[in-house]
Amino acid sequence: MQTESDWAVVKTLIRRRVSIGSNATILAGVTIGEGALVGAGAVVTRDVPPHAVVAGVPARRIGDARRPRR
């Protein structure tokens, strides 16, 4: 059986004005920057920069949330 000494607490940080889509998975130890958008079903394995739009498995940057869509 596992005991308390077998676990490590790892901080995950979600900044302000972040939008996370349904069923997205955020791994421990990741930081999601201010104003970022995480697509539904995405698996975030690395830090997401501020204002980035990420999607996919693993999540990759596909845009910038500050730019209007055409």
Side-chain angles (χ1 to χ4, degrees):
M1 297 218 353
Q2 291 184 335
T3 64
E4 288 184 30
S5 63
D6 294 322
W7 298 95
V9 176
V10 180
K11 188 175 190 176
T12 299
L13 185 60
I14 310 296
R15 299 284 184 184
R16 293 176 182 252
R17 294 189 299 275
V18 170
S19 180
I20 300 175
S22 62
N23 206 32
T25 302
I26 313 296
L27 297 185
V30 171
T31 297
I32 300 181
E34 184 172 342
L37 300 172
V38 178
V43 177
V44 179
T45 59
R46 289 180 270 158
D47 290 350
V48 176
H51 307 289
V53 178
V54 298
V57 179
R60 299 198 188 280
R61 189 173 188 163
I62 61 169
D64 190 312
R66 296 172 290 191
R67 285 192 171 150
R69 287 181 49 158
R70 296 178 217 182

Exactly one candidate in Ile20, Val53, Ile62 meets side chain to side chain contact (heavy atoms under 4.5 Å, CB included) with Leu37; the answer is Val53
For residues Val10 and Thr12, determine if any side-chain heavy atom of one lies less than 4.5 Å from a side-chain heavy atom of the other. no
Is any side-chain heavy atom of Leu27 less than 4.5 Å from a side-chain heavy atom of Val44? no
Could you note down all residue pairs passing salt bridge (charged side-chain N to carboxylate O under 4.0 Å, His left out) where residues 49-64 supplies at least one of them, sequence neighbours left out? Arg61-Asp64, Asp64-Arg66
Salt bridge (charged side-chain N to carboxylate O under 4.0 Å, His left out): pairs with one or both residues in residues 27-43, sequence neighbours excluded: Arg17-Glu34
Give me the atom names and distance for the closest heavy-atom approach of [X] to [Y].
{"X": "Ala65", "Y": "Gly35", "result": "CB-O, 3.7 Å"}
{"X": "Ala24", "Y": "Gly39", "result": "CB-O, 3.9 Å"}
{"X": "Val48", "Y": "Ala36", "result": "CG1-CB, 3.8 Å"}
{"X": "Thr3", "Y": "Asp6", "result": "N-OD2, 2.8 Å"}

Is there a path of hydrophobic side-chain contacts, each under 4.5 Å between heavy atoms, that joins Val30 and Val54? yes
Taking Asp47 for the side chain and Thr31 for the main chain, is one N or O donor matched with an acceptor at less than 3.5 Å? yes
Looking at Gln2, I want to see if its CD is surrounded by more than 12 non-hydrogen atoms of other residues, nucleotides or ligands under 6.0 Å. yes
Between atom CD1 of Ile32 and atom CD1 of Ile26, what is the distance when rounded to the nearest 0.5 Å? 3.5 Å
